[in-house]
Amino acid sequence: MSFRQITIIGTGLIGGSFALAARKAGFTGQIVGCDREPALCMARDFGAIDVAVTSPEEAVRGSDLVLLATPVGSIIDLLERIGPLVSPDALITDVGSTKSEIVSRARNVFGTNVASRFLPGHPMAGKEHAGVQYADAHLFIDAVWLITPFAGQDLADPKIDKFLRLVGKTGARVLALDAAEHDRVCALVSHLPQMISTAFASTLVDELGDDPQTGAIGGRALREMTRIASSPYSMWRDIALTNTKNIQDALLKLEQKLAHIRENLRTRELEEEFERAHQLRKPVVRS
């Protein structure tokens, strides 16, 4: 038995892509989109949603799966607004890039029933541009869809199992982590790269201006290093606010590594850093 109606609050890149991917995976029920009117019109034009509703309270009516696909701060607010209105038989999940504060708010909203009402999630997929116009039914193929279950949460619960099966049909691989460990790991593998790219691009603008020849001279390496620097601040503000300590720790470790490299440009320790870095891309040898 599959879901009858899915509500997606936030019909941007991730929300829109999930809708398209669910359709491609065979979902035949109704998809309700909730967002601002211009975004909803675009989502409907792109075929991502069937019904457009601007009110979250109205959008969740009759849905047995509710996906919160907004920035983290909005997800936290939405849990308060729509949590009590969603049927106890329905599953609420999210795609927030940080998890600890979301998990904490969900516990406050649902109390002892939290494990049967809400499954925290985070698909590790995206693009440097936001908006449903960049949505892609193939976005989650070969991506990891992280979940941070509550202690004792039964992933075999029928509604959770249905959702995870649907995620699998989009091409993603589900991986469970503790919420605190999720935030620590994502600070290193996702949030730190964004801050590096932003700082690097900002430094180039400071030193070289916006001369288009800079890109031509830098070539592919420069394009790869600065691609995600075009990500909008609106996508990252709440991440920085809700994972501050982990990002600060990651930046400090990088600063220390850069300082070590700076002080050893003329020693063999630079070679050792290159060799250590090469380990990240070493092929896995299977016996």
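By the criterion of side-chain heavy atoms lying less than 4.5 angstrom apart, applied directly or through intervening Ile, Leu, Val, Met, Phe, Trp or Tyr residues, Val66 is not grouped with Phe3; the two fall into different hydrophobic clusters. Taken together through direct or relayed side-chain contacts under 4.5 Å among Ile, Leu, Val, Met, Phe, Trp and Tyr, Ile76 and Val114 form part of one hydrophobic cluster. One hydrophobic cluster holds both Trp236 and Leu251 under the rule that ILVMFWY side chains link at heavy-atom gaps under 4.5 Å. Under the 4.5 Å side-chain contact rule for hydrophobic residues, Tyr134 and Leu20 do not share a cluster.
With salt bridges taken as basic N to acidic carboxylate O contacts below 4.0 Å, none links Lys253 and Asp249.
Distance alone, capped at 3.5 Å, places no donor-acceptor pair between the Asn264 side chain and the Glu269 backbone. Put simply, the side chain of Thr7 gets close to the backbone of Ala59: a donor and an acceptor are under 3.5 Å apart. Formation of a donor-acceptor pair under 3.5 Å by the Glu273 side chain with backbone atoms of Leu258 is not found in this model. Between the side chain of Ser17 and the backbone N or O of Leu13, at least one donor-acceptor pair lies under 3.5 Å. No donor-acceptor distance shorter than 3.5 angstrom exists from the side chain of Ser202 to the backbone of Thr198, with no hydrogens or angles considered. Lys99 places a side-chain N or O within 3.5 Å of a backbone atom of Gly121 that can act as its donor or acceptor partner. The backbone N or O of Ile75 sits nowhere less than 3.5 Å from a side-chain atom of Arg105 that would complete a donor-acceptor pair. Side chain of Arg237 to backbone of Gly73: no donor-acceptor contact under 3.5 angstrom is found. A donor-acceptor contact shorter than 3.5 Å links the side chain of Ser197 to the backbone of Met225.
Counting non-hydrogen atoms of other residues, nucleotides and ligands closer than 6.0 Å to CG of Asp206 gives a total above 12. Other residues, nucleotides and ligands place more than 12 heavy atoms under 6.0 Å from the CD atom of Glu271. Enclosure of atom NZ in Lys159 by more than 12 non-hydrogen atoms of other residues, nucleotides or ligands within 6.0 angstrom is indicated.
Scanning for ring-ring contact (aromatic ring centres under 6.0 Å, His included) contacts around Phe46 gives an empty result, with sequence neighbours left out. Taking Asp77 as the reference, nothing meets the side chain to side chain donor-acceptor pair (under 3.5 Å) condition, with sequence neighbours excluded. By the ring-ring contact (aromatic ring centres under 6.0 Å, His included) test, Phe140 is found to be paired with Trp145, residues two or more places apart in sequence or in another chain being considered.
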Sequence neighbours excluded and cut-off under 3.5 Å, please list the side-chain donor-acceptor pairs for residues 23-32, or say none.
| unit_1 | atom_1 | unit_2 | atom_2 | d |
| --- | --- | --- | --- | --- |
| Arg23 | NH1 | Phe27 | O | 3.0 |
| Arg23 | NH1 | Gly29 | O | 2.7 |
| Arg23 | NH2 | Gly29 | O | 3.0 |
| Arg23 | NH2 | Asp50 | OD1 | 3.1 |
| Arg23 | NH2 | Asp50 | OD2 | 2.3 |
| Gln30 | NE2 | Gln5 | OE1 | 2.9 |

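Distance NE2/His191 to OG/Ser97: 5.5 Å, rounded to 0.5 Å.
Under a 4.5 Å side-chain heavy-atom criterion applied to ILVMFWY residues, the cluster that includes Leu265 comprises Ile261, Leu270, Phe274 as well.
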task: Quick one: do Leu78 and Asp94 satisfy side-chain contact (heavy atoms from CB on, under 4.5 Å)? Show the steps, please.
output: CA-CA 10 Å; Leu78 282 164; Asp94 78 302; over 6 Å; no
task: For side-chain contact (heavy atoms from CB on, under 4.5 Å), just list the numbers for Ile239 and Ile247, CA-CA rounded to whole Å, side-chain angles, deciding distance to a tenth of an Å, and then say yes or no.
output: CA-CA 9 Å; Ile239 295 173; Ile247 297 174; 4.2 Å; yes
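For the 3.5 Å distance criterion, the side chains of Ser55 and Glu57 qualify, holding a donor opposite an acceptor. In this model, no donor atom of one side chain and acceptor atom of the other lie less than 3.5 Å apart for Gln248 and Thr244.
Between Phe163 and Phe18, the two ring planes are tilted [angle within 30° to 60°].
Evaluation of the side-chain hydrogen bond (donor to acceptor under 3.5 Å, both in side chains) test over residues 174-183, restricted to residues two or more places apart or in two chains, returns Ser100-Asp183, His122-His182, Glu181-Arg184.
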